[in-house]
Amino acid sequence: MGSTSEFSRRDLVKRTAALGLIAVPSMSVLTACATGGGSDDKSKDKSDQGKKSEKNPLGVKNGAPLDAFIFKGGLGDQYAKDAEADYQATYGAEVKHTGTQQIGPKLQPRFAGGNPPDVIDNSGADHLDMNKLSSQGQLLDLTPLLDAASPDDPAKKVRDILYPSAIEKGKHKDAFDVLYYAFTVYGTWYSQKLLSDKGWTYPKSLDDMIKLCEEIKKAGIAPWTYPGKYPYYVHFNIFPQIAKIGGLDKWIAIDNLEPNAWTSNDAVKQVIGHYEELAAKGYFLAGSQGLTHIQAQTAWTKGKAVFIPNGSWVENEATPTTPKDFGMAVGPLFDGGSGDKMPHGAVRAEPSEPFIVAKGGKNPTGGMELLRIMLSRKHAQNFAQKVHSLTSNMQGAEGASLSPGLASAAQAVKAAGGNQNLLMIQLQEWYPKLTDEKMGGLTSQLLTGDLKAAEWIKKTQQYADETAKDSSVTKFHRSA
């Protein structure tokens, strides 16, 4: 993408691998990581350990310095500085803070040299390859963090306050070595004021959307826009919509690159057919195929289009062009019909913004403790208010004064009716070249009317099969 904030969002997806988003690690990243080797736990100096207590459950050594590398993109890094200040006050320790957009280039030589920082926000286009680092044993297993007392209630463990998907997503094989700190809500975003002024109601079903789009078009407004330069944004809607209608088990088959997972799924045909119809009826803002994410968002906030596919970072990112009375909001996934496998209200909401602790750092225990501090209600609310985002702490934002878009996102999560209706999509995280490059090209043609739904599905299956057979691509498996 064309901007710094876009890089941060990409990692939201790959992050989102964010989710920052489409970038896969460069060969220089992979090479540098590979030469670093694994960390020998037996030879590691344990001098970073202090005495454990109720207030210090991880056993942080008083006065032990902390080295933190934080991605300074769309979310900034002040929220991390605020948590670091509490760490410094609690443990009387110096905190070296580095805010940067070049996580990989700056940290490759440090990992290779055996001198990595303690805690890292591994986001952005130039992020480190966490899969590689994990397989080399360079990431600290954060299970002790999960089992430590939560910051606000010692009777609860940290794992008890996290969304279950944060624990699932943070695992590489059997080790929990990534803490996804933010919690992103994806979906169809709109202006509540515009809908209210026009007397329109957010559609409940795909059929309702088609009917409303016709009304909107007659009113002289484009129903939809999207970042045509980065068409995989539309996948933020397409993928969970397929899972909502067809069921999570069938979506997991897609995540797992199983044969015929796309072509045998009737929900795929329904959803892709819906987007073919949107294109055929001219329901996308003219010229959307040439817009960047910022340009599409600006057209949307200026009222040129009613709906846009996006994630909850959009509120923070679009602040410069958003009218104060815009009433930014996000709606749930649309119903496909009576045969839907998931109820109305289901929404894609999942962890993002990956934090890792280097096993070879001088104070990895302190790195875990900083993450524990960040998960407190105090810092979850601070994060919500500063960057308009939820955190992986399920109740972290309760009581905070939320901006319109974030309040809508929080309400969408609540209205989903339980964690079982909060969808997590791994395909974009695991196989960005497949989803963002290959499938992105297909989606671009679909939205301009140059490709039919049947051909999109056929080619998508072909690309998925090629990825499954490519021995150079690391494979992952998701259980039902």
Side-chain angles (χ1 to χ4, degrees), residues 1 4 6-39 66-75 77 80 96-142 145 169-173 175-182 351-364 367-368 370-371 374 426 428-433 436 472-474 476:
M1 312 207 159
T4 294
E6 170 56 21
F7 289 156
S8 68
R9 176 179 38 275
R10 286 192 173 189
D11 211 63
L12 276 174
V13 180
K14 273 58 174 184
R15 321 170 205 186
T16 132
L19 182 126
L21 279 214
I22 175 176
V24 294
S26 65
M27 287 308 297
S28 61
V29 174
L30 299 179
T31 303
C33 289
T35 59
S39 175
L66 184 69
D67 190 353
F69 253 71
I70 306 298
F71 178 72
K72 190 176 181 179
L75 301 179
D77 63 347
K96 180 182 179 182
H97 174 96
T98 302
T100 180
Q101 296 166 20
Q102 297 179 307
I103 297 295
K106 289 189 175 182
L107 293 186
Q108 292 164 32
R110 290 190 61 177
F111 270 97
N115 182 38
D118 301 307
V119 61
I120 304 158
D121 172 15
N122 189 36
S123 289
D126 291 323
H127 62 274
L128 293 161
D129 184 351
M130 293 187 297
N131 299 325
K132 180 78 66 177
L133 290 174
S134 180
S135 66
Q136 293 174 345
Q138 297 208 54
L139 301 185
L140 189 71
D141 187 342
L142 302 178
L145 171 63
K169 190 172 183 179
K171 291 181 179 179
H172 285 101
K173 296 187 181 296
F176 175 77
D177 52 17
V178 183
L179 175 70
Y180 286 87
Y181 181 65
S352 57
E353 206 67 19
F355 278 77
I356 54 179
V357 175
K359 187 184 291 186
K362 293 181 180 179
N363 187 11
M368 284 196 293
L370 179 64
L371 298 181
M374 289 171 58
Q426 293 286 50
Q428 284 176 288
E429 171 96 15
W430 290 345
Y431 309 109
K433 186 174 182 179
D436 297 354
S472 69
V473 178
T474 301
F476 302 91

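At least one side-chain heavy atom of K359 sits under 4.5 Å from a side-chain heavy atom of L140. Between P116 and Q138 the shortest side-chain heavy-atom distance does not fall below 4.5 Å. Contact of the F355 side chain with the L370 side chain is not registered, since no non-hydrogen atoms from C-beta on lie closer than 4.5 Å. Residues Y181 and L371 are not in side-chain contact: their nearest non-hydrogen atoms beyond the backbone lie 4.5 Å or more apart. H97 places none of its side-chain heavy atoms less than 4.5 Å from the side chain of L66. Side-chain contact between Q426 and K169 is present, with at least one heavy-atom pair separated by less than 4.5 Å.
Nearest heavy-atom pair, F71 versus S123, reported as atom, atom and distance to 0.1 Å: CD1-O, 3.4 Å.
D177 pairs by the side-chain hydrogen bond (donor to acceptor under 3.5 Å, both in side chains) definition with S134, H172, not counting sequence neighbours. For D77, the salt bridge (Lys or Arg N to Asp or Glu O under 4.0 Å) criterion is met by no residue, not counting sequence neighbours. For D67, the side-chain contact (heavy atoms from CB on, under 4.5 Å) partners two or more places apart in sequence, or in a different chain, are F69, K96, R110, P117, D118.
Atom OH of Y180 is separated from atom CD of E429 by 3.5 Å, given to the nearest 0.5 angstrom.
For the salt bridge (Lys or Arg N to Asp or Glu O under 4.0 Å) condition, no pair includes a residue of residues 98-107, sequence neighbours left out.
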